[in-house]
Amino acid sequence: MLIFGALSAWSSGATIQFQLISLTPAAASIVISLHSAFGQLGMAAGAGIGGIAVKNGLLNGLPWIRSFALILAVSVFVIVIDNVLSKRQQTKETQKNICIKK
């Protein structure tokens with residue numbers, strides 16, 4: 001699981017940055033900076049939560065904590081992607097309706 005987490009975390013950076021730049025080319029430097037900052041914030045939060053768990057003797061609970069965090073992250077990702085895709089569909093339908101009315 002650790003290897004999968006490391007590979008997924010570090011192999012997707014370039015593609016995510018490319019997508020972010022293509023969405024906002026005028027603010028590319030700001031978006032890339034925010035992407036890096038949130039990545040660092042996530043790593044710090046994970047280290048902090050892991051440190052608290054170790055301090056409180058919850059070493060056996062670390063896989064469960066990580067699994068919960070992974071499920072939470074995937075759920076947020078699915079909700080965001082669903083929201084983005086539905087907005088794109090609405091935009092396409094609106095553009096079709098505008099073209100039909102003209």
Side-chain angles (χ1 to χ4, degrees):
M1 188 68 156
L2 183 63
I3 292 172
F4 176 70
L7 287 175
S8 65
W10 295 109
S11 66
S12 61
T15 54
I16 292 171
Q17 289 177 355
F18 176 77
Q19 182 67 21
L20 290 172
I21 290 171
S22 66
L23 291 172
T24 56
S29 60
I30 294 171
V31 171
I32 297 302
S33 297
L34 285 173
H35 176 256
S36 298
F38 280 112
Q40 297 295 322
L41 184 64
M43 285 186 262
I49 292 168
I52 291 169
V54 169
K55 180 182 176 187
N56 294 322
L58 299 173
L59 281 176
N60 292 334
L62 283 179
W64 291 105
I65 294 169
R66 181 180 169 110
S67 298
F68 174 74
L70 181 64
I71 290 169
L72 180 66
V74 169
S75 299
V76 169
F77 176 76
V78 168
I79 291 168
V80 168
I81 291 297
D82 184 49
N83 189 16
V84 168
L85 292 177
S86 66
K87 284 184 180 180
R88 283 186 184 174
Q89 184 64 29
Q90 289 173 355
T91 303
K92 286 181 182 179
E93 289 174 1
T94 303
Q95 289 174 348
K96 278 184 182 178
N97 291 339
I98 291 172
C99 290
I100 290 172
K101 288 180 182 178
K102 287 183 179 182

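- Under a 4.5 Å side-chain heavy-atom criterion applied to ILVMFWY residues, the cluster that includes Val31 comprises Ile16, Leu20 as well.
- Expressed to the nearest 0.5 Å, how far CD1 of Ile21 lies from NE2 of His35 amounts to 10.5 Å.
- Put simply, the side chain of Ser86 gets close to the backbone of Asn83: a donor and an acceptor are under 3.5 Å apart.
- Going from atom CZ of Arg66 over to atom CD1 of Ile71 covers 12.0 Å, rounded to the nearest 0.5 Å.
- To the nearest 0.5 angstrom, Ile32 atom CD1 is 11.0 Å from Phe18 atom CZ.
- Distance CG/Leu58 to CD1/Ile52: 10.5 Å, rounded to 0.5 Å.
- Taking a 4.5 Å side-chain heavy-atom cut-off between Ile, Leu, Val, Met, Phe, Trp and Tyr, the cluster of Leu34 extends to Ile30, Phe38, Leu41.
- Taking CG from Leu72 and CZ from Phe77, the interatomic distance works out to 14.0 Å, rounded to the nearest 0.5 Å.
- Nearest heavy-atom pair across Pro25 and Ser22 is CD-O, 3.8 Å.
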